[in-house]
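Okay, so here's the structure we're looking at.
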2 protein chains.
Amino acid sequence: MENTAQELIKRAYDTLTRAERQLAGVILENYPTSGMGSITRLAEKADVSTPTVARMVQKIGYSGFPEFQEALRAEVEAAMSDPIAKHDTWSRDAPDAHILNRFADSVLSNIRQTLAGIDVATFDRATDMLADKSRRVFVTGGRITHTLSEYFHLHMQVIRRDVRHIRSTSNAWPHALLDMEQGDIVVIYDIRRYENSALRLAEIATARGAEIILITDQWQSPVAAFAAITLNCRIEAPSAWDSTVAMMLLTETIIAAVQEKNWDDTRARMSELEAMFDRTRIFRKFV
Amino acid sequence: MENTAQELIKRAYDTLTRAERQLAGVILENYPTSGMGSITRLAEKADVSTPTVARMVQKIGYSGFPEFQEALRAEVEAAMSDPIAKHDTWSRDAPDAHILNRFADSVLSNIRQTLAGIDVATFDRATDMLADKSRRVFVTGGRITHTLSEYFHLHMQVIRRDVRHIRSTSNAWPHALLDMEQGDIVVIYDIRRYENSALRLAEIATARGAEIILITDQWQSPVAAFAAITLNCRIEAPSAWDSTVAMMLLTETIIAAVQEKNWDDTRARMSELEAMFDRTRIFRKFV
DNA sequence: TGTTTCTTGTAATTATGCTTACATTTACAG
DNA sequence: CTGTAAATGTAAGCATAATTACAAGAAACA
């Protein structure tokens, strides 16, 4: 069993208090260098008092801050003197060809290209639309992207009202369309390679006056023809499948952006929701 | 021209006195950690007096020992957070402070730290287990991670037989457990901050002889106590929510790894599946 | 060899860091 | 709503670290 400071912190997590957890977060954030300055600096960075730091390191098993720091130094030394620690790969102890490194390389490249290809004005327009509470939002996805659309729906529902998920795979989607009218927004996740049941849906929705936000791959789903806004993501992966990581990133970024624009409402809705899940705290501290 | 402490020492070498050279030797010996302790410790190690140290660091260009040490810390930090981190803002036409750039920064840091924290042997052990067709696989997730578990299940089902998804939120999960026996694998997605309905499930599954693979955040779900394998992911995000991008990446990497190990079977299963979806091509070219 | 300058350590001073004690606040149970 | 316990910060005191002042010793030059 290892006894790095990191390990000790995780192990003691249950016994840590609020301020201590906040501190733990900062220490782990860019571990281990963050803990190498003086206790005062660390306390400031974590926005807690110095005694909190002192107490915490004692709690996790050190005699005091100096001993804790000494341990960190030793860890750094071990990591630096390790010749493999050249850090030009993602996972230090894996060979370059290991799938962990290959996949990460590929995903990073997807993320780079995806973001480079996104027009900020378009992105902002999309988030403005979604932040407009007078417009209703429908969300749907395909076979592979279904989970993404569900994820988006889950979070969007907390941020604003009038958000509905349509299962494009079921036979129920025509019913949802009956309800659709001028000004509504339909968020469609669709990857070209897979089936495009979304095409009919998009066509009808547009005809009824709804506007479509399409999130698709670099080859672009045919739904783009009907979409008011199209956001393309790279999905290449060293695998028989594609990687939806870049799509997930974009999805979360949209959520964050809409939430920022609607912060007061979101906050209220989150509080209500939290009250419902009374037993546990669901959300992070409200910024 | 670089200005690392190392550089400065070498450059000033000619002007250094005997005791100072002795000190310089010790500093460079196992650079940079040797200089990270107190001035006293460094002086002792070099067998010179403390003022010699203070004078020397001033001579090579620092205002005092603390500044010198600060510089070392910065160097360590730079060395530990690898070159992959260097990027020229993601979306060029957006300001740095735009949510697109902020979010991507944070996600990249999550990915880096997640991969750095994953032990390759552990990862390989997990994928070996999942590639073993004699063992059945159950998958489950919590409120936020539910979609991830579904995604994993969806792909895993194509790769191998005997994969089942359990909705931990429904009341049906005890029934699934009835079916569980020695050698089965339970893949659990669980983020500490959110509710832990998975805990009971994990406890019972372990008691029945199943082995648990846990995918959790850096704070580690309490399920870890029962897990045969625990994989931690960073989920920090500049938002009221967390980011599951790193988890998604890990999930896809596991899928790719298992698929690679089981390629012949996977291929056969994919062909069959594709035949069922006759109209369109579902999968990418078989590599 | 005597004088001067440079080097280096010792000791004193000052600054900073760390810890302990205590008071305030917050959360929780009755 | 009140009392109790836990958490956390403030402030004081103590300890250590860093710098400065100074003096002893070594090397260089006359």
Side-chain angles (χ1 to χ4, degrees), chain A residues 5 8-9 12-27 32-74 76 271 274-275 277-286, chain B residues 5 8-9 12-27 32-74 193 219:
Chain A
L8 290 174
I9 291 174
Y13 188 82
D14 287 320
T15 69
L16 296 185
T17 63
R18 197 221 83 231
E20 287 169 346
R21 290 181 188 191
Q22 192 173 315
L23 170 63
V26 171
I27 294 175
T33 43
S34 54
M36 305 267 274
S38 75
I39 193 173
T40 319
R41 289 246 315 263
L42 179 55
E44 271 166 15
K45 196 149 51 169
D47 215 21
V48 298
S49 67
T50 39
T52 301
V53 181
R55 277 189 291 256
M56 195 267 222
V57 296
Q58 285 176 6
K59 210 167 182 177
I60 65 175
Y62 298 99
S63 70
F65 190 80
E67 189 181 300
F68 165 74
Q69 216 170 35
E70 181 49 43
L72 286 185
R73 244 194 306 282
V76 169
S271 301
E274 195 166 90
F277 287 96
D278 49 3
R279 284 188 320 134
T280 44
R281 299 214 98 214
I282 308 262
F283 301 105
R284 302 169 55 184
K285 63 175 189 303
F286 296 157
Chain B
L8 291 174
I9 290 174
Y13 193 81
D14 288 327
T15 70
L16 295 184
T17 64
R18 197 223 80 233
E20 286 168 347
R21 289 184 187 189
Q22 189 175 319
L23 170 62
V26 171
I27 293 176
T33 42
S34 55
M36 305 268 272
S38 75
I39 193 173
T40 320
R41 289 247 314 264
L42 179 56
E44 274 168 11
K45 197 150 48 170
D47 215 21
V48 297
S49 67
T50 41
T52 301
V53 181
R55 277 189 292 259
M56 195 265 224
V57 295
Q58 283 175 6
K59 207 167 183 178
I60 64 175
Y62 298 98
S63 71
F65 191 79
E67 189 180 299
F68 166 73
Q69 216 171 35
E70 181 49 43
L72 287 185
R73 247 195 303 282
R193 183 164 12 245
W219 301 121

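All values below were derived from every heavy atom in this structure, side-chain atoms included, with hydrogens, water molecules and symmetry-related copies excluded. Every chain is numbered from 1 and lettered A, B, ... according to where its sequence line falls, protein lines coming before strand lines.
With rounding to the nearest 0.5 Å, the separation of CD in Glu20(A) from CD1 in Ile9(A) is 11.0 Å. Expressed to the nearest 0.5 Å, how far CD of Gln58(B) lies from CD of Glu67(B) amounts to 9.5 Å. Atom CZ of Phe68(A) sits about 10.0 Å away from atom CE of Met36(A), to the nearest 0.5 Å. Here the straight-line distance linking atom CZ of Phe65(A) with atom CG of Leu42(A) works out to 5.5 Å at 0.5 Å rounding. With rounding to the nearest 0.5 Å, the separation of CZ in Arg55(B) from CD1 in Ile60(B) is 14.5 Å. Distance check: Leu23(B) CG to Thr17(B) OG1 gives 9.0 Å after rounding to the nearest 0.5 Å.
At whole-Å resolution of the value, CZ in Arg21(B) and P in dT7(C) are 11 Å apart. As a whole-Å value, the separation of Glu70(B) CD from dT16(C) P is 15 Å. Distance CG (Leu23(B)) to P (dT7(C)): 15 Å, rounded to an integer number of Å.
The closest donor-acceptor contact from the side chain of Lys59(B) to the backbone of Thr15(B) lies under 3.5 Å.
In this structure, the side chains of Gln22(B) and Thr52(B) stay at 4.5 Å or more apart for every pair of heavy atoms.
No hydrogens or angles considered: nothing links the side chains of Gln69(B) and Arg73(B) as a donor-acceptor pair under 3.5 Å.
Of the residues in residues 35-44 of chain A, those with a non-hydrogen atom less than 4.0 angstrom from any atom of DNA chain C are Ser38(A), Ile39(A), Thr40(A).
Mapping heavy-atom proximity under 4.0 Å, the span of DNA chain D touched by chain B runs 5' to 3' from dA17(D) to dT20(D).
Taking for each of Phe65(A) and Lys59(B) the nucleotide of DNA chain C with the nearest heavy atom, the 5'-most of the two is the partner of Lys59(B).
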- Query: side chain to side chain contact (heavy atoms under 4.5 Å, CB included) between Met56(A) and Ile27(A): does it pass, once the steps are laid out?
  - Reply: CA-CA 11 Å; Met56(A) 195 267 222; Ile27(A) 294 175; 4.2 Å; yes
- Note on the structure: Under a 4.0 Å heavy-atom criterion, the protein footprint on nucleotides 8-14 of chain C, written with B, S and -, is BBBB---
